[in-house]
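Encoded as structure tokens, the structure appears first; notes follow it.
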Amino acid sequence: MSITRRNFLKGTAAGLGCLGMSSIAGFRYVSKAHAKELAEQQVKYVASSCAICTNKCVFRGQVVNGVIRRLEPHPEFAKSRGMMCARGNAGAWTPYDPNRVKYPMIRTGKRGEGKWKKASWDEAYAYIAEKTNKVVEEEGGHRSCIGFASSEGTYHEHYWNQFREVFGSPNSVRHTTLCLSSNIRGFMAVVGTYPNADVINSPFIILAGANRAESFYTPDTMDIFSDPTKKVICLDPRFTKTAAKATKWYPIKPGTDMAFALAMMNVIIGEGLHDKAYVDKYAYGFNQLAQHVKQYTPEWAEKETDIPAQGIRDIAREFARTPGAVFYPGRRSSFQGDDVETRRAIAMVNVIVGSFDRKGGLIPNVTIPLAKYFYEPAWYSKTRPRLEEADVTFLSPRDGSWVAWRDRAIKGDPYAIRGLYIYKQNVVASVPDRNKTMELFDKLDIIVCVDTFMSDTAWYADVVLPESNYLERLDPPNTYGLNCVELPTVTIRQPLIQPMYDTRSGFDIVVGLAKYFEDDDGATLDEYFEGDVESHTRDAVAEFPGAFETLKEKAFFSEGKASPIGDYLNGKKAINTPTKKLELYSDDFESRGLDPMPTYKRPADIGADKFRFVVGRHAIHTQSMTANFPELNWHMPENTVWINSAKAKTMGIKSGDMVQLKNRTGGEVQIKAQVTEGIRPDCVYYANGYGSLSKGQPLVYGKGASQSQILESHFEPISGNALMHETIVEIRRV
Ligand SMILES: Nc1nc2c(c(=O)[nH]1)N[C@H]1C(S)=C(S)[C@@H](COP(=O)(O)OP(=O)(O)OC[C@H]3O[C@@H](n4cnc5c(=O)[nH]c(N)nc54)[C@H](O)[C@@H]3O)O[C@H]1N2
Ligand SMILES: Nc1nc2c(c(=O)[nH]1)N[C@H]1C(S)=C(S)[C@@H](COP(=O)(O)OP(=O)(O)OC[C@H]3O[C@@H](n4cnc5c(=O)[nH]c(N)nc54)[C@H](O)[C@@H]3O)O[C@H]1N2
Ligand code: SF4
Ligand SMILES: [Mo]
């Protein structure tokens, strides 16, 4: 018999069979025992959304025999489109991290000593209630003496706020005032909303103080940089990934973006390049603005910003002449003292060229309207206004102002704060000036922290309540504009696996705690909570047939309709400003004693041989919460401080040298130097998340330096936003 290839293959297969080997898709040669194991494997897929950053990318989680194997990006989800970043992938392992908080814990040693006793939920709640009721009684029955801190992200945060309201404290401090309050306020004042930039359709984008290539590390961002027809201008004191990908990078002097924006308007209006018809029809105060910006020439701005006058002129002309050009609104904006005014100036640059509510420009953020989660507020005979009410012009009652509030709380002005309940916020790391946060903690009788990990904040708490991991729980729907894809979408989270330890979801934690408190009429506070997360989800989307089923199947729901553009211009929607126009001049600001138009004030001189400390995103980390993830830590075991190479040379500093940074208010850190040309000589930077105080984060405990330890405490008085770039440091080699 002649052996043909076909016979040979047949023979081989038969031979394999005889040897007890089999060939299953993906597994070529495996033992019989393993083949049986594989055949019996239970593989299931559950769709859910990522919780490792604000993007909420949707994935299908592969679960094999009850163990999460991998998270596969959902190809149909418009923002992630088959991509999942390093952080999202690393998330798959978080339920199995040995450093999770696995059960409620009550502190037994001194704060920060790390001595705990394991408690049942009821023990933990009873302990919290006893301590809380005691201090409330000592304060004359005012529950305002308990503060509440929280951040978004789990979709459960509104239950936490509901608890605070029915509990009867006005004192809530949310992450917004550490993030983008000043940005929102600035844009609201001019265009009546905080818009997105239509970057997909825009041919000309100015990114000032926004590091999109690291902070929105998703395909829509890659589209911006891979499209050769787009022009991207990046203004950043650091050579970020965004700077590297941009058409042009200008290492702007920090805190001078307003000078740049004002000079752009000087050129655009001075040369008559503005959109006259648009401005006539939709804007208020154009003539005053035109007069006002005459003083701000590019030559003047060059001295302020370090950007050549000709460069400013060229950018301004091209910006005005390119339909669909956009000056990106940025997100986190807590830079320097005049942040609201800087954001107003940026919004105005967009308005004078007619970019608001037009394709390519600033697009109103539209969301799918979910049925509102409604609850009766409790009524108390004793209430007080929140602490920092007098310190901030536009104080959001829900967000407060973290820094201003903390200053008041430390002083007990106008009344004492005795406890802090914290939900999903690592306040020790995310509020500038860690020493001050510790000073506040020292004054508190009770600190409660709801976290999944032993963050620095959990480490210093009296009671740690563990929330179930995002891959173990059901999260209610979240509706958002999918910024920059402009596709209003609803997402949920659902469990891939059952909770591994004695943990609960945010909703269940809150309802459990509510049982331990009463309102003025003697009703326990859990009576204010109804249903469960599943029923809330069903109710929220009841108006959209099939949406609930789609959410269960895909974890996202979209009507497939892009955000409408032009509704404000065609009169379908009213512009949400006092004059119902796009405000280039604000009577409202003027009546409050503020500048009616953005007026430049030069940032204070930092002094010779001093540095401005700036913060910024890192592509593989989210804030303070991922540096202890082993997969990510492996890429970056510690952080290092960026120092300009020419400057470092004069100081005799080389990469790897240990240096000491000292701020003006007693904050100091030691960290290794990274000498680089990618930062201005007057700035320094290092990444967030390192230098942890918590031994429950062993990979970053004492490794590198913490940002909150070096950041000074300052806030912006119009919005209450913390200022992240008002820290001046000295550096010396140690
Ligand atoms: N130094 C410094 N401070 C900053 C910033 C900075 O760049 N540098 N940026 C500012 C900005 S823009 C923002 S938005 C804020 C963000 O500040 P935070 O909202 O405090 O964010 P993170 O630092 O990420 O801390 C999140 C905490 O939530 C915990 N966590 C994670 N998942 C869950 C969960 O499912 N449930 C619960 N209960 N907890 C969970 C994490 O373990 C971590 O302790 O920080 C601001 N502060
Ligand atoms: N990978 C990753 N992505 C994230 C997050 C994360 O932690 N990690 N966090 C999310 C959150 S909460 C937010 S708010 C967004 C924030 O995302 P972005 O708005 O992109 O904010 P940053 O990355 O802080 O970028 C700000 C940049 O401004 C530069 N800068 C400093 N001072 C000045 C100045 O005066 N002028 C100018 N023009 N530039 C200046 C800094 O060097 C920094 O690169 O990112 C989100 N996405
Ligand atoms: S960008 Fe990365 S971390 Fe953020 S939601 Fe998407 S996958 Fe998760
Ligand atoms: Mo943020």
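First listed ligand is number 1; within each ligand, the first listed atom is number 1. Only this structure's heavy atoms are used, side chains among them; waters, hydrogens and symmetry mates stay out.
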Q: Give the residue and atom name of whichever protein heavy atom lies nearest to atom 35 (O) of ligand 1, and the separation in Å to one decimal.
A: R473 NH1, 2.9 Å
Q. Which bit of C179 is near ligand 1, meaning a heavy atom under 4.0 Å away: side chain, backbone, both or neither?
A. both
(Q) Under 4.0 Å, counting heavy atoms only: does F335 come that close to any atom of ligand 2? (A) yes
Q | Nitrogen or oxygen of S468 less than 3.5 angstrom from that of ligand 1 | A | no
(Q) For K253, state whether at least one heavy atom is located under 4.0 Å from any atom of ligand 2. (A) no
Q) Can you tell me if M724 has a non-hydrogen atom under 4.0 Å from ligand 1? A) yes
Q) Which protein heavy atom lies closest to atom 39 (N) of ligand 1, and at what distance to 0.1 Å? A) K424 CG, 3.1 Å
Q: Among all protein heavy atoms, pick out the one at the shortest distance from atom 42 (O) of ligand 1; state its residue, atom name and that distance to 0.1 Å.
A: D451 OD1, 2.7 Å
Q. Taking the side chain as C-beta and beyond, is there a heavy-atom pair between I497 and Y96 under 4.5 Å?
A. yes
Q. Any side-chain heavy-atom pair from N721 and R185 closer than 4.5 angstrom?
A. no
(Q) Taking only non-hydrogen atoms of E152, do any sit less than 4.0 angstrom from ligand 1? (A) no
Q: Considering heavy atoms of the protein only, find what lies nearest to atom 23 (O) of ligand 1 and give residue, atom and distance to 0.1 Å.
A: S624 OG, 2.5 Å
Q.
Is it the case that ligand 1 has an N or O less than 3.5 angstrom from some N or O of V450?
A. yes
Q. Do R238 and C683 come close enough that some side-chain heavy atom pair is under 4.5 Å?
A. no
(Q) Below 4.0 Å from ligand 2: does a non-hydrogen atom of V615 turn up there or not? (A) yes
Q: Considering heavy atoms of the protein only, find what lies nearest to atom 19 (O) of ligand 1 and give residue, atom and distance to 0.1 Å.
A: S151 OG, 2.4 Å
Q) With a cut-off of 4.0 Å, which atoms of ligand 2 are near a heavy atom of G255? A) 34 (C), 35 (O)
Q: Using distance alone, with no hydrogens and no angle criterion, decide if N426 and S624 have a side-chain donor and acceptor under 3.5 Å apart.
A: yes
Q.
Please classify the L178 to ligand 1 contact at 4.0 Å (heavy-atom distances, strictly less than): side chain, backbone, both or neither.
A. both
(Q) How far is atom 2 (C) of ligand 1 from the closest protein heavy atom, and which atom is that? (A) Q707 OE1, 3.1 Å
(Q) Whether the E157 and S150 side chains hold a donor-acceptor pair (N or O, under 3.5 Å, no angle test) is what I'd like checked. (A) yes
Q: Decide, yes or no, whether a salt bridge links D508 with R473 under the criterion of side-chain N to carboxylate O below 4.0 Å.
A: no
Q: Within a distance under 4.0 Å of any heavy atom of L235, pick out the atoms of ligand 2 and give their elements.
A: 37 (C), 38 (N), 39 (N)
Q | Closest protein heavy atom to atom 6 (C) of ligand 2, given as residue, atom name and distance to 0.1 Å | A | R617 CD, 3.1 Å
Q | Ring centroid separation H618 to Y685 under 6.0 Å | A | no
Q. Is the shortest side-chain N to carboxylate O distance from E716 to R343 below 4.0 Å?
A. no
Q: Would you kindly say whether S706 and S708 are connected by a side-chain donor-acceptor distance under 3.5 Å?
A: yes
(Q) Looking only at the side chains, is there a donor atom on one of T305 and T256 sitting less than 3.5 Å from an acceptor on the other? (A) no
Q: State, yes or no, whether a side-chain contact exists between R602 and E304 at a heavy-atom distance under 4.5 Å.
A: yes
Q: Tell me which one of N688, T256, D236 gets a heavy atom nearest to atom 44 (O) of ligand 2.
A: D236
(Q) Does only the side chain of H156 get under 4.0 Å from ligand 1, or the backbone, or both, or neither? Count heavy atoms. (A) neither
(Q) Does either side chain, that of R398 or that of S172, offer a donor lying less than 3.5 Å from an acceptor on the other one? (A) no
Q: Taking atom types as modelled, find out whether Y155 and S49 have a side-chain donor-acceptor pair closer than 3.5 angstrom.
A: yes
Q) What atoms in ligand 2 come closer than 4.0 Å to a heavy atom of E214? A) 1 (N), 2 (C), 3 (N)
Q: Check each of L465, L180, T452, D475 against atom 31 (C) of ligand 1 and report the one with the nearest heavy atom.
A: T452
**Q.** The one among Q709, Q623, H175 that brings a heavy atom closest to atom 13 (C) of ligand 1
**A.** Q623
Q: Starting from atom 3 (N) of ligand 1, find the nearest protein heavy-atom neighbour and note its residue, name and distance.
A: S430 O, 3.4 Å
Q) At a 4.0 Å threshold, what atoms of ligand 2 neighbour a non-hydrogen atom of R238? A) 41 (C), 42 (O), 43 (C), 44 (O)
Q | Between F335 and H725, ring centroids under 6.0 Å | A | yes
Q | Distance flag, aromatic centroids of W93 and F629, threshold under 6.0 Å | A | no
(Q) Heavy atoms only, cut-off 4.0 Å: how does E467 contact ligand 1, side chain, backbone, both, or neither? (A) side chain
Q) If you measure every N/O of G209 against every N/O of ligand 2, is any gap under 3.5 Å? A) yes
Q. T54 to ligand 2: N or O pair under 3.5 Å?
A. no
Q. Does NZ or CZ of K79 lie under 6.0 Å from the centre of the six-membered ring of Y480, at an angle within 45° of the ring axis?
A. no
Q: Could you see which bit of T242 sits under 4.0 Å from ligand 2, with heavy atoms only: side chain, backbone, both or neither?
A: neither
Q | Polar proximity ligand 1 side, Y423 side, N/O cut 3.5 Å exclusive | A | no
Q. Considering only heavy atoms of I252, which atoms of ligand 2 have at least one such atom less than 4.0 Å away?
A. 36 (N), 37 (C), 38 (N)
**Q.** ligand 2 atoms in contact with H621 (distance to a heavy atom under 4.0 Å)
**A.** 1 (N), 2 (C), 6 (C), 7 (O), 8 (N)
Q: Below 4.0 angstrom from a heavy atom of H618, which ligand 2 atoms are there? Numbered from 1 as shown, please.
A: 1 (N), 2 (C), 8 (N)
(Q) For V431, which part has a heavy atom under 4.0 Å from ligand 1: side chain, backbone, both, or neither? (A) neither
Q: Using a strict cut-off of 4.0 Å, indicate which atoms of ligand 2 neighbour a heavy atom of A619.
A: 1 (N)
**Q.** F148 ring center within less than 6.0 Å of Y423 ring center
**A.** no
Q) Which of these, I252, D682, N644, V684, sits in a side chain to side chain contact (heavy atoms under 4.5 Å, CB included) with P237? A) I252
(Q) Using heavy atoms and a 4.0 Å limit, tell me yes or no: is A429 in contact with ligand 1? (A) yes
Q. Going by heavy atoms in the side chains, are V463 and Y125 under 4.5 Å from each other?
A. no
Q: Please work out whether any backbone atom (N, CA, C, O) or any side-chain heavy atom from C-beta onward of N426 is under 4.0 Å from ligand 1, and answer side chain, backbone, both or neither.
A: both
Q) For D257 and ligand 2, does the shortest N/O to N/O distance drop below 3.5 Å? A) yes
